[in-house]
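The basis for the numbers below is simple: all heavy atoms, side chains too, and nothing from hydrogens, waters or symmetry mates.
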Amino acid sequence: MIELATMKLEVVAAAAGSDPALALTLAIIYGYLMEDRVWVRVVLAIAAVPIAVVANSFRIVGTGLLIQYWDPTRPRASFISLKDG
């Protein structure tokens, strides 16, 4: 939970684990279908989860900045739960 000046930003549990799992699955599928070299497949699988975690962190920070400095009503859709407070 991230507490901003105007409200609390809470990441829904569905968003926390789905991004790395989806990224790993897609990286493995891509590596299997498109790459012949085994080392490239391994690098794709290993790099997928950290990249997904960093991308998810940027999404959460971006949403927090959007709420804080622009319009608190914008990100009410998707995987972020907002609580006025």
Side-chain angles (χ1 to χ4, degrees):
M1 178 175 297
I2 301 168
E3 292 190 30
L4 302 172
T6 57
M7 62 185 55
K8 295 178 183 177
L9 180 66
E10 185 175 330
V11 179
V12 178
S18 64
D19 289 342
L22 179 64
L24 181 60
T25 303
L26 291 176
I28 290 172
I29 291 171
Y30 175 81
Y32 180 75
L33 294 176
M34 305 303 271
E35 289 294 334
D36 294 331
R37 297 167 293 189
V38 175
W39 71 269
V40 174
R41 292 178 182 180
V42 172
V43 168
L44 282 171
I46 291 172
V49 174
I51 290 171
V53 169
V54 169
N56 197 26
S57 299
F58 281 133
R59 181 181 61 86
I60 292 169
V61 168
T63 303
L65 291 173
L66 178 71
I67 292 168
Q68 187 72 25
Y69 294 110
W70 190 35
D71 187 6
T73 61
R74 289 275 181 197
R76 291 204 183 264
S78 88
F79 295 100
I80 304 290
S81 173
L82 301 174
K83 296 182 179 182
D84 293 335

K.L.:
Does Ile46 share a hydrophobic cluster with Leu22, counting links as ILVMFWY side-chain heavy atoms below 4.5 Å and allowing steps through other members?
P.N.:
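Different hydrophobic clusters.
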K.L.:
Determine whether Ile28 and Val49 fall in the same hydrophobic cluster, where Ile, Leu, Val, Met, Phe, Trp and Tyr are linked whenever their side-chain heavy atoms lie under 4.5 Å apart.
P.N.:
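Cluster IDs for Ile28 and Val49 match.
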K.L.:
Heavy atoms only: give me the nearest Ala27-Leu44 pair and the separation to one decimal.
P.N.:
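Taking every non-hydrogen atom into account, CB-O, 3.7 Å.
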K.L.:
Mind checking whether Leu33 and Tyr30 sit in one hydrophobic cluster, side chains of I, L, V, M, F, W, Y counted as touching below 4.5 Å?
P.N.:
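Same cluster.
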K.L.:
Treating Ile, Leu, Val, Met, Phe, Trp and Tyr as nodes and any side-chain heavy-atom pair under 4.5 angstrom as an edge, say whether Leu24 and Val53 lie in one connected cluster.
P.N.:
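Same cluster: Leu24 reaches Val53 through Ile, Leu, Val, Met, Phe, Trp or Tyr contacts under 4.5 Å.
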K.L.:
Are Val40 and Tyr32 co-members of a hydrophobic cluster defined by side-chain heavy atoms under 4.5 Å apart?
P.N.:
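Linked within one cluster.
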